[in-house]
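Single-structure report; data block below.
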Amino acid sequence: MIRDFLREFTHVLVQELIASDRLPAAVAEIPIEITDTKSIEHGDFATNFAMISAKAAGMNPRAVATLVVDAFQAGPANSLVHQIEIAGPGFLNFRLDPAQVARYVGDILEAGDAKFGNSHLAHPDRINVEFVSVNPNGPITIGSGRGAAFGSVLCNVLEAAGNVVHREYYINDGVNSEQMRLFGLSVQAKLRGEPVPEGGYKGDYVDDIAQELKLTISPDEDLAVVKKLCEKLMTDRQREALEIFGITFDTWFSEQSLHDAGIVDMRLDELALKGVADENPVRTKVKFGKGGVVEEVIQEAQVSDEDDVATGERATLWLRSTNFGDDQDRVLRRKDGRLTYIASDVAYHADKFNRPPNATKLITVLGPDHHGYIGRLHAVLAALLQQPGQPDADALRMAREQLQVVIFQLVRFMKDGKPAPMRKRDGNIYALIDLIDEIGKQAAPDADQTEQRRIGRDVARFFYLMRSHETAMDFDLDLATRQSDDNPVFYAQYAHARICSVIARASEITGEPNLALLVHPRETALIKKICDLPYEIQRSAKDHGVNRLTTYAVDLAGAFHYFYDACRVVQPEEPELSAARLALCHAARVGLRAAFRILGVSAPERMSREPSVVGL
RNA sequence: GCCCCCGUAGCUCAGUGGAUAGAGCAACCGCCUUCUAAGCGGUUUGUCGCAGGUUCGAUUCCUGUCGGGGGCGCCA
């Protein structure tokens with residue numbers, strides 16, 4: 001908003017200087033960045049343009065800055081930009097007229113809760129974002145919670161930045177999966193009252209599933225049937241937990257459906273036809289040195305023993321992924337004919353471009369244990385995308401452009417100042433839904449379950465989102481549960497509740513607000529902060545740094561509290577000022593609600609803490 | 001061995017190549033006759049791990065190094 005205006009404003013000044021030969025044409029290439037200032041002594045906004053363009057201009061930064069200021073002073077007076085000053089090594093500091101800044105309040109109110117912060121793109125991406133996607137063999141854990149929170153907010157941010165986004169969950173229900181077979185066996189054992197097999201699944205949820213299945217099927221039912229049914233039950237529970245966590249997907253995509261439709265076989269045939277997959281009994285492995293330099297290429301002959309031939313087994317089908325940057329060729333089909341997980345991935349990645357229709361980009365959010373998987377996925381997509389005669393490197397580059405794998409780092413849970421195990425004392429997996437319930441019960445012991453879960457969800461989401469996804473984080477369970485009052489999400493939500501309260505109290509304030517009266521420094525600071533939301537969203541969409549939005553929400557709340565403290569809104573003896581401040585309250589509420597909407601946390605209209613009885 | 005991430009105040013962490021590096025917690029001192037004190041103001045706190053390099057300018061980018069966390073299956 002204001003930044004966009006100042007960028008354009010400066011751009012025009014520079015263009016004039018170029019047109020009149022006072023600056024060389026080369027400086028037109030220098031981007032103009034508007035930054036905020038650390039101190040109001042440096043004005044409202046600043047640009048380093050003079051410094052970064054000094055070389056292209058062939059003069060020192062202050063000389064460039066002087067030209068810009070001259071052009072500004074020679075031009076027609078601008079109502080918003082009061083003054084441009086040269087400071088320090090060559091900063092251009094903008095001083096704005098607060099009464100003009102206040103006019104932006106009107107723009108904010110016009111956009112409203114649902115639209116404020118959103119941008120339009122001339123050429124939006126159509127993006128499929130896959131996230132969470134855990135195996136249907138257990139509940140969503142607190143570990144997956146981070147990917148869930150991050151992925152959902154990334155989707156919201158990309159959408160708000162003007163892209164078309166499709167939210168997708170991939171169900172790993174492939175019939176060949178060892179893990180899922182073991183899960184089915186474990187449930188089957190429970191059904192029959194037998195001990196779970198070696199390495200099988202334990203925990204209360206396995207019993208729950210077995211109990212539920214007992215109602216509909218006999219203990220003698222085939223493993224395949226049991227497996228399919230418990231996958232469905234588990235997936236339903238995951239879906240339910242994620243909904244409580246504030247996440248709904250556009251598509252829950254079944255891996256097995258690709259096999260059932262014969263699409264996997266079809267894609268493998270295509271790859272074989274293209275020559276990027278074959279049955280030659282050799283595997284290439286590449287040893288990379290520092291910086292991805294190829295140090296050694298090893299060809300391993302794959303010996304087939306006579307038993308294989310005798311049992312009529314086929315040769316192994318290899319994806320020659322080393323041609324596309326992978327460190328070893330990957331098996332697509334084992335010699336016994338069973339397809340690997342990566343074979344499904346081939347079909348799946350081709351299919352994903354249908355959601356949204358004609359998708360231009362795929363984003364896959366994965367946990368830290370999957371970072372070794374990135375190269376494989378790019379190789380899969382490169383093999384799919386490669387056109388006849390196209391060099392491997394070009395296909396790989398295309399794959400890397402179209403598929404972004406975003407890895408979030410480990411989250412460690414801390415209790416009593418020590419790392420807490422991911423399993424609880426009773427041996428059960430720590431599920432996301434347990435975390436939500438625990439936080440909610442601690443924060444609001446007397447509230448009903450719906451309200452407790454709303455609070456638990458808000459706190460958990462905010463905690464997950466406060467840190468950059470690319471940094472390992474500690475999730476302090478004590479802070480999130482016991483001392484939940486210290487949680488910044490309450491600070492931010494309280495600002496919203498406070499605004500609602502002020503608005504309710506101001507019903508007698510009517511009349512047209514004169515926004516030009518909003519010139520108190522704390523009013524100007526609040527308006528500037530609200531106006532920053534679209535900018536923060538655009539930045540976050542660009543580098544996936546969605547944790548900024550939590551910082552933004554807290555900063556905006558702080559700006560409101562600071563304003564509230566000094567500027568009384570409801571003053572019947574000053575109706576014009578009151579109306580203007582009321583409008584500002586509405587605008588701040590729009591900003592907070594928009595930020596909360598992106599973050600997936602609620603905007604409570606009332607917050608009141610019962611007096612504590614502790615210590616009596 | 002290779003790959004990913006981290007190292008900033010006592011603790012947990014923000015920080016867009018820029019000016020005097022910030023916030024919360026913790027400690028201390030103030031502010032409710034007044035729109036919610038889950039708030040506001042103030043005091044105190046630094047070898048931005050270390051060494052080079054690029055740059056007019058580096059906490060930020062690059063290289064190396066030390067320390068910590070995680071990952072490298074014909075499992076998914």
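A, B, ... follow the sequence lines: proteins, then strands. Residue 1 opens every chain.
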Are any of A:Lys542's side-chain N or O atoms less than 4.0 Å away from OP1 or OP2 of B:U16?
no

With a non-hydrogen cut-off below 4.0 angstrom, is [X] in contact with a base, only sugar-phosphate, or nothing?
| X | answer |
| --- | --- |
| A:Ile52 | base |
| A:Ser39 | nothing |
| A:Lys287 | nothing |
| A:Met51 | base |

Shortest non-hydrogen pair, A:Val570 vs A:Glu508, comes out as CG1-OE2, 3.6 Å

Between B:G41 and B:U60 - C1' atom distance, rounded Å
32 Å

For nucleotides B:U33 and B:U20, find the distance between their P atoms and express it as a whole number of Å.
42 Å

Classify the glycosidic conformation of B:C32 as syn or anti, calling it syn when the angle lies within 90° of 0.
syn

May I ask you to decide whether [X] forms a salt bridge with [Y], counting only side-chain N to carboxylate O separations under 4.0 Å?
| X | Y | result |
| --- | --- | --- |
| A:Arg412 | A:Asp474 | yes |
| A:Arg338 | A:Glu178 | yes |
| A:Asp543 | A:Arg548 | yes |
| A:Lys285 | A:Asp327 | no |
| A:Asp36 | A:Arg3 | yes |

Given B:C13, B:G39, B:U34, which nucleotide is nearest the side-chain atoms of A:Arg467?
B:C13

Which string of ( ) [ ] | and . matches RNA chain B, if you list each base 5' to 3' and count Watson-Crick or G-U pairs only when both distances are under 3.5 Å?
(((((((..((((....[...)))).(((((.......))))).....(((((..]....))))))))))))....

Is it the case that A:Tyr552 and A:Asn547 place a side-chain donor and acceptor less than 3.5 Å from each other?
no

Under 3.5 Å, is there a donor-acceptor pair linking the side chains of A:Tyr341 and A:Glu255?
no

Can you tell me whether the side chain of A:Asn93 and the base of B:A19 have a donor-acceptor pair closer than 3.5 Å?
yes

With B for base contact, S for sugar-phosphate-only contact and - for none (protein heavy atoms under 4.0 Å), nucleotides 71-76 of chain B reads S--BBB

